[in-house]
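Written out below as structure tokens is the structure these notes cover.
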Amino acid sequence: MTTFKAEPSGRQTDKLNLAQIVEIATGGEMPLRFRAYDGSTTGPADAPFGLNLTAPEGATYIVTAPGDLGMARAYVSGTLEAEGVHPADPYPLLKALGGVHFERPPARTLAQIVRSLGPDLIRPIAPPPQEHLPRWRRVAEGFRHSKARDAEVIHHHYDVSNTFYEYVLGPSMTYTCAVFESENQSLEDAQENKYRLVFEKLRLKPGDRLLDIGCGWGGMVRYAARRGVKAIGATLSKEQAEWAQKAITEEGLGDLAEVRHSDYRDVSETGFDAISSIGLTEHIGAANYPSYFRFLHDKLRVGGLLLNHSITRPHNRGRMKAGGFIDRYVFPDGELTGSGRLISEAQNVGFEVMHEENLRQHYALTLKAWCENLEEHWDSALSEVDEATARLWGLYMAGSRVGFETNGVQLHQILGVKLGEDQAPQVPLRPWWVA
Ligand SMILES: C[S@@+](CC[C@H](N)C(=O)[O-])C[C@H]1O[C@@H](n2cnc3c(N)ncnc32)[C@H](O)[C@@H]1O
């Protein structure tokens with residue numbers, strides 16, 4: 001790779017073309033082919049993947065919102081085209097870009113860039129105009145996670161189209177990390193493994209009562225009901241609840257299973273034998289962890305078990321918000337912390353934490369399978385959602401896969417048990433499930 005020189009043109013007064021600006025932004029280590037509408041090019045000409053900046057609008061997105069937000073806006077607007085990859089799965093391109101250190105250039109170089117782009121490009125610009133990509137209002141901490149705001153945010157992500165999710169997720173309609181016995185196992189089998197693992201960790205048996213919060217399309221609820229467990233699921237997504245109730249009826253599980261369109265905080269029943277929370281914690285915000293775990297503790301009988309399955313950070317320091325385009329377009333208000341923080345918060349309300357398991361490699365495989373599904377059903381998917389939405393989903397799933405592979409994020413299952421006043425042990429001596 002060539003090494004970037006701070007003054008590629010030799011004189012600070014010279015105007016830079018778009019390729020030179022990209023060279024500066026990537027520290028001279030552009031691993032992809034890059035070409036722009038001004039005719040300039042950079043990066044290795046024989047690289048298998050490339051980026052093509054087709055219009056000034058794309059340049060403006062990139063320069064006015066530095067980092068992944070601007071790139072993502074340009075990409076979903078179609079003014080930054082990826083070459084050599086399918087839009088359902090830009091993973092190879094993102095993986096190559098993952099090695100680039102985007103550095104802020106020195107002030108004089110920045111001034112030169114601004115001069116080069118000119119006032120037309122350095123101007124405020126609305127985000128891509130697609131209606132389905134609302135620009136999320138930033139709200140102050142105290143207003144995030146009100147029931148109304150959470151309902152709005154969940155509606156945005158989950159009520160896209162059940163059919164679109166069927167294409168991406170496959171028949172299990174499970175939108176969380178699967179558990180793979182081998183890299184070649186099918187997604188369907190791996191999702192079944194995950195449900196079995198949760199079911200067994202929770203020591204469920206016929207006649208028990210399970211509460212599944214953030215239940216999605218009801219996969220866990222139906223798995224448990226098929227095995228004689230009375231299961232209630234709660235989801236904030238109306239479309240999910242309708243889909244799940246229909247599936248419950250069609251399978252003849254109506255006596256045992258129920259999925260409600262409801263905030264988990266509105267579940268009034270108590271005395272559950274077990275609670276599963278699979279992919280919900282990411283949505284609730286770290287400030288709410290104490291009330292979240294206290295609520296779940298209150299809902300269990302003594303000896304009842306909680307299985308908390310969620311994306312985590314690999315450490316317990318620093319910022320928790322996803323930031324960038326994920327925060328703006330995919331999971332507004334989502335927050336991640338390390339598993340240590342989740343375990344502490346569960347312990348602080350009285351759970352005895354018995355076990356934790358990190359499944360990060362499994363989430364990378366799950367995301368790979370979702371991208372493959374989207375690619376296979378691309379044309380049909382485009383009759384359900386517009387192309388910008390489909391491209392956005394491909395981008396965020398492939399980017400998340402890179403995140404799990406590079407340990408930017410992890411996935412933890414945490415198992416806790418509610419003790420009685422005497423603090424007596426409530427579970428067998430050794431783990432009772434097959435890993
Ligand atoms: C990533 S999905 C996981 C769905 C499901 N557990 C699965 O594994 O497929 C997250 C779920 O959390 C739900 N959710 C988020 N906030 C919620 C809340 N406050 N109350 C109830 N459900 C919520 C969403 O509606 C969605 O069903």
Side-chain angles (χ1 to χ4, degrees), residues 144-160 162 165-166 168-179 187-188 190-199 202 210-224 231-245 247 257-268 275-289 291-293 295-296 299 306-312 322 326 330-336 359 362-363 366-367 369-370 373 393 396-397 400 409 411 413:
R144 265 180 240 142
H145 304 295
S146 67
K147 286 182 184 170
R149 166 83 177 179
D150 279 353
E152 188 190 2
V153 162
I154 294 296
H155 168 71
H156 160 70
H157 187 82
Y158 294 101
D159 291 342
V160 168
N162 280 335
Y165 277 111
E166 283 171 8
V168 175
L169 304 179
S172 82
M173 283 297 263
T174 303
Y175 200 20
T176 43
C177 173
V179 176
L187 176 65
E188 266 320 276
Q191 290 295 10
E192 188 79 0
N193 288 342
K194 188 260 299 295
Y195 286 133
R196 178 187 54 75
L197 184 63
V198 173
F199 188 88
L202 290 174
L210 168 72
L211 173 62
D212 184 42
I213 56 171
C215 68
W217 292 267
M220 185 68 216
V221 166
R222 281 177 289 126
Y223 184 96
I232 297 175
T235 169
L236 267 185
S237 154
K238 187 164 178 283
E239 291 208 11
Q240 286 180 337
E242 285 169 2
W243 191 101
Q245 269 307 125
E258 178 195 347
V259 164
R260 297 177 189 166
H261 175 213
S262 134
D263 195 295
Y264 79 90
R265 291 164 283 195
D266 292 332
V267 172
S268 58
I275 299 176
S276 44
S277 171
I278 308 177
L280 166 72
T281 321
E282 298 89 328
H283 288 295
I284 64 174
N288 296 315
Y289 289 171
S291 58
Y292 166 75
F293 282 114
F295 181 86
L296 301 186
K299 292 281 159 199
L306 165 68
L307 190 287
N308 205 89
H309 170 120
S310 92
I311 301 171
T312 49
I326 297 257
V330 186
F331 288 119
D333 300 350
E335 275 182 359
L336 303 177
L359 295 167
H362 297 260
Y363 219 147
T366 307
L367 286 154
W370 289 344
N373 282 346
W393 249 249
Y396 111 76
M397 293 192 300
S400 300
V409 272
L411 186 291
Q413 286 194 344

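As the structure is a prediction and not an experimental result, all values here were calculated from the model. First listed ligand is number 1; within each ligand, the first listed atom is number 1.
Remark: the backbone N or O of Ile278 is not paired with any side-chain donor or acceptor of Ser276 at under 3.5 angstrom.
Listed by chain and number, residues touching ligand 1 at under 4.0 Å (heavy atoms only) are Ile154, Tyr158, Thr174, Tyr175, Thr176, Gly214, Cys215, Gly216, Ala234, Thr235, Leu236, Ser237, Gln240, Ser262, Asp263, Tyr264, Arg265, Ile278, Gly279, Leu280, His283.
Applying the salt bridge (charged side-chain N to carboxylate O under 4.0 Å, His left out) criterion to Glu192, with sequence neighbours excluded, gives Arg227. Shown here are the ring pair (Phe, Tyr, Trp, His ring centres under 6.0 Å) partners of Tyr264, two or more places apart in sequence or in another chain: Tyr292, Phe295. Glu258 is linked by a salt bridge (charged side-chain N to carboxylate O under 4.0 Å, His left out) to Arg260, counting only residues two or more places apart in sequence or in another chain.
One side chain, Thr174 or Tyr195, offers a donor N or O that lies under 3.5 Å from an acceptor on the other.
Closest of all the heavy-atom pairs between Leu307 and Val198 is CD1-CG2, 4.0 Å.
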